[in-house]
Amino acid sequence: LGYPGAPVHDAVAVAALIKPELMTFKDLYVTVETEGDFCKGTTVGDMYNVTGKAPNASCIMNIDRQGFVDLLVEAVKRYD
């Protein structure tokens, strides 16, 4: 999905709670870079455990897009 923005991001988070089998998760150490010259303020996920620190977040790495859209359409139909 790339960086979809807040509304879709929130929908993905809710979908992860309702139907987690739609997503592939990976536990990562995640931090905010505060000292870098080029990426200060950037959220960084240690994909390859370069820092050796224990994971502190479960990140969505992949999503079944069609399953997510189907879940979203099903939810919207309930509000009609």
Side-chain angles (χ1 to χ4, degrees):
L1 288 176
Y3 182 74
V8 174
H9 179 271
D10 293 347
V12 170
V14 171
L17 293 172
I18 295 171
K19 207 166 186 182
E21 62 271 14
L22 291 176
M23 290 121 200
T24 304
F25 296 89
K26 183 172 183 173
D27 292 336
L28 303 174
Y29 176 74
V30 178
T31 188
V32 176
E33 179 63 50
T34 58
E35 298 178 13
D37 290 332
F38 301 110
C39 57
K40 191 176 285 187
T42 302
T43 303
V44 180
D46 186 5
M47 294 281 299
Y48 304 105
N49 198 22
V50 174
T51 63
K53 296 184 179 181
N56 60 359
S58 186
C59 300
I60 297 172
M61 302 305 292
N62 198 5
I63 185 168
D64 172 4
R65 291 178 186 210
Q66 189 58 52
F68 172 73
V69 170
D70 292 345
L71 182 64
L72 191 60
V73 168
E74 180 182 321
V76 170
K77 283 181 181 178
R78 292 182 186 177
Y79 288 102
D80 285 340

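Everything numeric in this text was worked out from a predicted model, so none of it was measured.
We find the NZ-CZ distance between K19 and F68 to be 12.0 Å, quoted to the nearest 0.5 Å. Atom-to-atom distance recorded for I18:CD1 and E21:CD is 10.5 Å, nearest 0.5 angstrom. Expressed to the nearest 0.5 Å, how far NZ of K26 lies from CD1 of I60 amounts to 15.0 Å. Atom-to-atom distance recorded for E35:CD and D37:CG is 10.0 Å, nearest 0.5 angstrom. To the nearest 0.5 Å, the span separating CG on D70 from CG on L22 amounts to 9.0 Å. Separation of atoms CE (M23) and OG (S58) is listed at 11.5 Å; rounding is to 0.5 Å.
For the pair D46 and G52, the tightest heavy-atom approach, listed with the atom from each and the gap, is OD2-N, 4.1 Å. The shortest heavy-atom contact between K40 and T34 is CE-O, 3.5 Å. In terms of heavy-atom proximity, V30 sits nearest to N56 at N-OD1, 2.7 Å.
With hydrophobic clusters built from ILVMFWY side chains whose heavy atoms lie under 4.5 angstrom apart, L28 shares a cluster with Y48. The hydrophobic clustering, which links ILVMFWY residues whose side-chain heavy atoms are closer than 4.5 Å, places F25 and L71 together.
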